[in-house]
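See below for the structure under consideration.
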Amino acid sequence: MEGVQHRMVEVNGINIHIAEKGEGPVILFLHGFPELWYSWRHQILALSNMGFRTVAPDLRGYGDSDIPESVDSYTCFHMVGDLVELIDVLDPREGKVFVVGHDWGAILAWFLCLFRPDKVKALVNLSVPFLRFDRNIKPIELWRAYYGSDHYMSRFQEYGEIEGEFAWVGMDRVEKEFLTDFPVLLPKGKLFKRPLDEPITLPSWLSEEEANYYVTKFQKTGFTGPLNFYRNFDRNWELLKPWVGCKITTPAKFMMGDKDLVYHMPGMKDYIHNGGFQEDVPSLKEVVVLEGVDHFISMEIPDEVNQYIFDFFSRFH
């Protein structure tokens, strides 16, 4: 990662690690689970060469950033608070940047545009569309009703339980399983589809060296910080009630793979393609669903993602 600078910035009472490269308008890249700033390595290099200043933090709870202990420190307001202060540090003059989010990073980017549209020039989100919230339906209950109690979001709820199972399986195995074949169900005692003694063949887009970067970081930090994002789904649902029915007005584009597990969630295709998504995000310019592409889209097809980001953001500066 030649030429990439690393530093710590203090925002919202914690230290956040950022990787950055290039000069020009800032693009802030927000990673998902179980990832790190490193998931944007292809974008950082390509877009910094295209005239942008690329910045990718480790979100709170991840990598080299601080990992607050309390589960309550991982609500949507804490996360967006981090991002607002970070944007002010990165662009003190205008206090406004381009944003690209993936997975949890996409969820946070939607929230950022909902709460502080003045902070975002334009948005490209990957893999997770805006998730409309309903006053009456708790998200974890909904997923449990549909998928059963082995669903990964349900299994992540109990503090310490899944961490213990992950520790037993081993960080190396857990991280590679998630990056290679994200499991929708995590049955107790048999977390993954493959027997534990069966070697994992990494996908073509992920080298052993790249996978080991993640493994090394998560061996140091554990998974509790990242899991605390999921443990706040229902709390966020309560906090977000004043925003029920609000529209996202930021100019946005959306891109996902047709093999992505999110695309196959109940009601998702209908929401994306039949008007719901456009209704919630009226300034949504385009939705691209790519054939044969899975969840980790920025690493799987980096050249297409880079071009897509460049073409969209170039309209605004």
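Quantities reported herein were computed from a predicted structural model and do not represent experimental measurements.
- Atom-to-atom distance recorded for T75:OG1 and R231:CZ is 15.5 Å, nearest 0.5 angstrom.
- Considering F312, F52, F29 as possible partners of F98, the one that fulfils the side-chain contact (heavy atoms from CB on, under 4.5 Å) test is F52.
- In this pair, W104 and Y230 present their aromatic rings perpendicular. The plane angle is above 60°, beyond the 30 to 60° band.
- Between the side chains of N236 and N232, no donor N or O sits under 3.5 Å from an acceptor N or O.
- In this structure, K253 forms a cation-pi arrangement with Y308, its terminal cationic atom sitting closer than 6.0 Å to the ring centre and no more than 45° off the ring axis.
- Taking the six-membered ring for Trp and thresholds of 30 and 60 degrees, F277 and F254 have ring planes more than 60 degrees apart, a perpendicular arrangement.
- For CD of Q5, the number of neighbouring non-hydrogen atoms (other residues, nucleotides, ligands) closer than 6.0 Å is 12 at most.
- S127 and H102 share a side-chain donor-acceptor pair at under 3.5 Å.
- The 12-atom threshold is not exceeded at CH2 of W168, counting heavy atoms of other residues, nucleotides or ligands nearer than 6.0 Å.
- Between F229 and Y74, the angle of the ring planes lies from 30° to 60°, which puts this pair in the tilted group.
- More than 12 heavy-atom neighbours from other residues, nucleotides or ligands sit within 6.0 angstrom of NZ on K190.
- In this structure, K241 satisfies the cation-pi test against W237, with its NZ or CZ atom closer than 6.0 Å to the six-membered ring centre and inside 45 degrees of the ring normal.
- Checked for salt-bridge contact, E177 and K193 miss the test: no charged N lies under 4.0 Å from a carboxylate O.
- Ring-plane geometry between W143 and H151 is classed as tilted, the angle between the planes lying from 30 to 60 degrees on a 0 to 90 degree scale.
- Annotation: cation-pi pair R41/Y38 present, NZ/CZ under 6.0 Å from the ring centroid and within 45° of its normal.
- In this pair, F111 and F115 present their aromatic rings parallel. The plane angle is below 30°, not in the 30 to 60° band.
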